[in-house]
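Comments concern the structure below.
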2 protein chains.
Amino acid sequence: MSTATKSYAAPSATAPLAPLTIERRTPTEADVEIEILYCGVCHSDLHQARNEWGNSVFPVVPGHEIVGRVTSVGSGVTRFKVGDMAAVGCMVDSCRTCPNCKQGLEQYCDNNMTQTYNDDDRKYGGRTYGGYSERIVVDENYTLKIPSNLEAAAVAPLLCAGITTYSPLRHWKVTKGQKVGIVGLGGLGHMGLKFAHAFGAKVVLFTTSPGKAEDAKRLGADEVVLSKDAEAMQKHARSFDFILDCVSADHDINAYINLLKVDGTLTLVGAPEKPLAIGAFGLLMGRRSFAGSGIGGIAETQEMLDFCGEHNIVSDIEMIDIHQINDAYDRLLKSDVKYRFVIDMASLKK
Amino acid sequence: MSTATKSYAAPSATAPLAPLTIERRTPTEADVEIEILYCGVCHSDLHQARNEWGNSVFPVVPGHEIVGRVTSVGSGVTRFKVGDMAAVGCMVDSCRTCPNCKQGLEQYCDNNMTQTYNDDDRKYGGRTYGGYSERIVVDENYTLKIPSNLEAAAVAPLLCAGITTYSPLRHWKVTKGQKVGIVGLGGLGHMGLKFAHAFGAKVVLFTTSPGKAEDAKRLGADEVVLSKDAEAMQKHARSFDFILDCVSADHDINAYINLLKVDGTLTLVGAPEKPLAIGAFGLLMGRRSFAGSGIGGIAETQEMLDFCGEHNIVSDIEMIDIHQINDAYDRLLKSDVKYRFVIDMASLKK
């Protein structure tokens, strides 16, 4: 049993996104059916729509920053009822039995999480389709609650950009008294700024764009450094406890590694396609670490949303209609968005 | 006041090492004068003799794995007396006032440690000259004691190869119940094997040389994996708590990063000249870290030597005369040594 559902899909790596009708399963006992109100636009949507990671199976219905209203619940669902607001992030299932799942690190499931789109559906077969659609049906264990005081559209990007930056800042214990760098002011970086500031750190934003300084300060930066200014960079040598690198393009990581204190860590959350060239000496001469981090587990995503509710944190967004998505992708490539596109999914019904 | 001292030096990046008379200062109040009995041959001796790191000022007298007998002490020296055995490692001074020095991390001194050779002498001017020489004069605070039960010649390599592997295994808390990888079976790797085994871990050695399997097991490996055997590598995917990479040549780090568990760390202690190409996904998909570590502090070096005394750990060595040093360098480049050359410095007097 399934329900015909309007969506926007990439039919191939080279064709623009266009309307497509997909099927959603009728909710099982464990499921929540959500009418999607808003869906954020993540750079990985574009990567996968264009098969830039080489793992796309078409059609691809992107979207993993999903906020909506519950329209139906299975008989076993206890945490949601019809009419509740609900959210879905980057994953809709995982094996639930491996050590990582048991620790709440479902994103690192040894048997691979089931991603919200462009993935094999481990339980129901076929492929998963994301949030550029009218509705989605998800196991309640992979469905999040959102704080009622926040603007729903601006919550959507928290489900990926938010948790992707919140989780490493928490894991590496960023706190008051520390000096923390955020590299890049885009969808991820602007959330990194907000969280690092909220956690009490002294926050320095690194950017290649002089025009972003004022905005960065509004978003939580104590200082802004132009990464192309070698002298300005040198002033910060060996001074950072932690640096969160939010850049998805190829860039010189070594320049930032040299800004870390002894035992400091630079954590990458962007996903550059090409390998990064890392000099050994920058790591050796200070026992520094270059790490990576991917989204967060379900419990931590809920913790992040609750934290945002308490501290009134949302994403800075620009709302678009679904038929503007191809233009939005082009603008995304030019970093022409402050700081996250969110699709008003009501536009899909027009 | 100074003492003419026989040494072996590289006169330039392209000439072989040859005899050279250098001057050693008369011990000051704080100094210990040591007659050098044995000096280990580290790969970094060769790098610097040939200016492969671009930082050499010639002549270079290499050698930072020094064991000898105290022949004179300054009036303020309390920990050594004439006739004691003593050792000197990779550094002979540091600023002593920065936060790292104060924490016993002199090797990461914010004002740069004074290296035992090929460095500016911060206190007495001129250049530092290393252990390929008759004697050395060193501040007692940078001089180590060696356990009397160990064979002195085989202790020498502990001063660099030993501490370089001991320190990261301790810092990343390698212990019983863990699975630990050691990459490369050379001077560093063979010490890494001994320490990881002594710390109670299950130890897997990765090597490109099938002929090294038996020796690796004798040295402490529970298992040996040929790194070119993709199938054998794949069997260990996502299973290591920690990997110590002891390879100085260019090699594929990503293959090892993929063998780490979630939150695992691969630490590099070799110093490849060229930057290493690191794929973002291997780090992101498991919150893994790629780190570096350089030698250890003075207190930790003493701790390591004491640990070796208690557990009867020394380096496996091949003794050479000083006039064989150029041949030894050639053999080092072919990994033709089990596992560390140590120079019998009595040969310098012949």
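All chains are named by letter (A, B, ...) in the order of the sequence lines, taking the proteins before the strands, and each is independently numbered beginning at 1. For clarity, every value in this text was computed on a predicted model and none was experimentally measured.
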Heavy-atom pair count under 4.5 Å with chain A, highest-scoring of B/Asn254, B/Thr265, B/Asp263: B/Asp263
Inter-residue atom distance B/Leu276.CG - A/Leu283.CG, 0.5 Å rounding: 8.5 Å
Beyond-backbone contact of B/Arg287 with A/Asn100, side-chain heavy atoms, under 4.5 angstrom: no
Heavy-atom pair with the smallest gap, counting every atom of A/Val269 and B/Leu284: CA-CD2, 3.9 Å
Option in B/Ser293, B/Ala280, B/Gly294 with maximal non-hydrogen atom pairs under 4.5 Å from chain A: B/Ser293
Taking every non-hydrogen atom, the tightest pair across B/Tyr108 and A/Val262: CB-CG2, 3.4 Å
Region of A/Arg288 that comes under 4.5 Å of a non-hydrogen atom in chain B: backbone
Contact winner vs chain A - B/His171, B/Arg238, B/Met285, heavy-atom pairs under 4.5 Å: B/His171
Contact summary for A/Trp172 and B/Ser289, nearest pair of heavy atoms: CZ2-OG, 4.2 Å
Atom group of A/Cys98 that falls short of 4.5 Å from chain B, counting heavy atoms: neither
Portion of A/Ile253 that has a non-hydrogen atom of chain B nearer than 4.5 angstrom: neither
Residue among B/Ser167, B/Ala271, B/Pro275 with most heavy-atom pairs under 4.5 Å to chain A: B/Pro275
Neighbour count above 12 (heavy atom, 6.0 Å) for A/Gln234 CD: no
Contacting moiety of A/Phe281, where chain B heavy atoms sit under 4.5 Å: side chain
Chain A contact via B/Leu105 - side chain, backbone, both or neither, heavy atoms under 4.5 Å: side chain
CD1-CZ distance between B/Ile257 and A/Phe290, expressed to the nearest 0.5 angstrom: 8.0 Å
